[in-house]
Amino acid sequence: MAGQVELDERVLDYVRSVSLRDDEILRELVAETAFMPALNAMVTMPEEGQLLALLVGLTGAERVLEVGTFTGYSTLCMARALPPGGKIVTCDISERWTRIARRYWERAGVSDRIELRLGDGAETMRDLLADRGPETFDLVFVDADKTGYAGYYEQALTHLRPGGLVVLDNTLYFGRVADPEAHDADTEAIRALNAALHVDDRVELSMLVMADGITLARKNKAQ
């Protein structure tokens, strides 16, 4: 049995050259975010955005919930993949960064598919539950504050229909989860979540070793 391929820059460049299908709008959004030195690591990697769009299509998702918008790259990718009448609700605390997102959504012609809610993610999820009831979303993507992940995950399961999918970003957290010397709050939060997911029989589970770690958790239909 073959082992894991070492993903150096040469291999990553090759993968992108034969699989990545971005466009001018997406490339310009990445480039604009790259001018924010302290924050450019927060933008979704292009290959992850493409995967998210594929997952929206594979799950037949019509209602998507995103926790953590930033400059809107992942939102744009998922919105493009929605069927006619599909909607994505995305929430973030920053008006500054989401102002950039709105500009690119308009350029891409998908702003009518996107509902942006500004405010605390957990509160927004509670408000949505009160407004719409449980099991009204097909896919939930979480890419926000790491210490809040456990709570977002639990809320996501309530929001998801049976068979729906939770996608959690940064579950390898720059590799720090495997560093025994790393004990910062964010790393510990992701470690604890990963351990809890491993034994959570409410979901089917797979962690993808790409980008900064992407975990897929499909809510069991019996739930």
Side-chain angles (χ1 to χ4, degrees), residues 12 16-17 19-59 61-125 127-128 131-132 136-146 148-149 152 156 159 165-170 174 210-212 214:
L12 286 172
R16 288 166 182 153
S17 73
S19 69
L20 186 59
R21 295 177 175 178
D22 59 358
D23 60 18
E24 182 180 357
I25 294 175
L26 292 172
R27 288 191 292 270
E28 288 184 11
L29 177 51
V30 170
E32 182 167 343
T33 308
F35 284 102
M36 309 168 189
L39 298 169
N40 59 8
M42 292 170 58
V43 72
T44 301
M45 292 180 69
E47 51 266 45
E48 182 176 2
Q50 188 165 300
L51 173 65
L52 289 169
L54 181 64
L55 291 172
V56 169
L58 287 173
T59 58
E62 297 180 5
R63 297 291 181 269
V64 174
L65 173 59
E66 178 180 48
V67 186
T69 311
F70 190 41
T71 55
Y73 190 100
S74 53
T75 322
L76 173 50
C77 292
M78 290 188 286
R80 281 177 162 175
L82 288 169
K87 295 286 185 180
I88 176 169
V89 178
T90 184
C91 52
D92 202 279
I93 59 172
S94 172
E95 184 175 356
R96 178 182 180 186
W97 306 130
T98 54
R99 192 180 305 124
I100 297 171
R102 287 182 187 272
R103 178 156 41 87
Y104 282 90
W105 299 339
E106 289 284 350
R107 283 184 58 191
V110 296
S111 58
D112 61 328
R113 307 177 192 178
I114 300 168
E115 178 187 342
L116 173 63
R117 295 200 177 195
L118 290 174
D120 178 80
E123 290 182 10
T124 297
M125 294 177 87
D127 290 343
L128 286 168
D131 293 343
R132 306 185 183 193
T136 57
F137 286 93
D138 306 299
L139 186 149
V140 179
F141 177 51
V142 179
D143 184 14
D145 57 293
K146 308 315 167 194
Y149 263 39
Y152 298 141
H159 280 287
L165 185 67
V166 185
V167 183
L168 299 150
D169 199 11
N170 307 116
F174 307 105
M210 69 173 289
D212 190 33
I214 303 167

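- Applying the ring-ring contact (aromatic ring centres under 6.0 Å, His included) criterion to Phe137, with sequence neighbours excluded, gives His159.
- Counting heavy atoms from C-beta outward, Leu52 and Phe141 have side chains that approach closer than 4.5 Å.
- Annotation: side chain of Tyr149 is in contact with side chain of Asn170 (closest heavy-atom distance under 4.5 Å).
- Counting only residues at least two apart or on different chains, no salt bridge (charged side-chain N to carboxylate O under 4.0 Å, His left out) pair has a member in residues 49-58.
- Note on residues 62-79: no pairs pass salt bridge (charged side-chain N to carboxylate O under 4.0 Å, His left out), not counting sequence neighbours.
- Shortest non-hydrogen contact noted between Gly86 and Arg113 is O-CB, 3.8 Å.
- Cys91 and Val67 get closest at one heavy-atom pair: SG-CA, 3.8 Å.
- Side chains of Tyr73 and Met45 form no contact here, defined as non-hydrogen atoms less than 4.5 Å apart.
- Listed here is the closest heavy atom pair of Leu165 and Val167: CD2-CG2, 3.8 Å.
- Residues Ala108 and Ile25 share a closest heavy-atom pair of CA-CD1, 3.8 Å.
- Atom CG in Asp22 sits 9.0 Å away from atom SG in Cys77 (nearest 0.5 Å).
- Taken from OG1 in Thr124 to OH in Tyr152, the straight-line distance is 9.0 Å, to the nearest 0.5 Å.
- For the salt bridge (charged side-chain N to carboxylate O under 4.0 Å, His left out) test, no residue two or more places apart in sequence or in another chain qualifies with Asp127.
- Qualifying side-chain hydrogen bond (donor to acceptor under 3.5 Å, both in side chains) partners for Asp23, counting only residues two or more places apart in sequence or in other chains: Arg80.
- At least one side-chain heavy atom of Thr90 sits less than 4.5 Å from a side-chain heavy atom of Trp105.
- Not counting sequence neighbours, the partners of Arg132 by the salt bridge (charged side-chain N to carboxylate O under 4.0 Å, His left out) test are Glu115.
- Residues satisfying the salt bridge (charged side-chain N to carboxylate O under 4.0 Å, His left out) criterion with Glu48, sequence neighbours excluded, are absent altogether.
- Remark: Ala61 pairs with Val56, Thr59, Val64, Asp138, Leu139 by the side-chain contact (heavy atoms from CB on, under 4.5 Å) rule, at least two apart or across chains.
- The side-chain contact (heavy atoms from CB on, under 4.5 Å) check on Asp131 picks up Arg117, with sequence neighbours excluded.
- Considering only residues two or more places apart in sequence or on other chains, Leu54 meets the side-chain contact (heavy atoms from CB on, under 4.5 Å) condition with Leu58.
- Judged purely by atom type and a 3.5 angstrom limit, Lys87 has no side-chain atom pairing as donor or acceptor with the backbone of Gly85.
- Judged purely by atom type and a 3.5 angstrom limit, Gln50 uses its side chain to pair as donor or acceptor with the backbone of Arg21.
- At most 12 non-hydrogen atoms from other residues, nucleotides or ligands lie less than 6.0 angstrom from CD1 of Ile93.
- Counting only distance, with no hydrogens or angles, the side chain of Asp169 and the backbone of Ile214 share no donor-acceptor pair below 3.5 Å.
- Atom CZ of Arg107 sits about 10.0 Å away from atom CG of Leu76, to the nearest 0.5 Å.
- Sorted by first and then second residue, the salt bridge (charged side-chain N to carboxylate O under 4.0 Å, His left out) pairs with a member in residues 93-103 read Glu32-Arg103; sequence neighbours excluded.
- Shown here are the side-chain contact (heavy atoms from CB on, under 4.5 Å) partners of Thr98, two or more places apart in sequence or in another chain: Thr69, Asp92, Leu116, Leu118.
- For the residue pair Leu82 and Ile88, the shortest heavy atom distance occurs at CD1-N, 3.9 Å.
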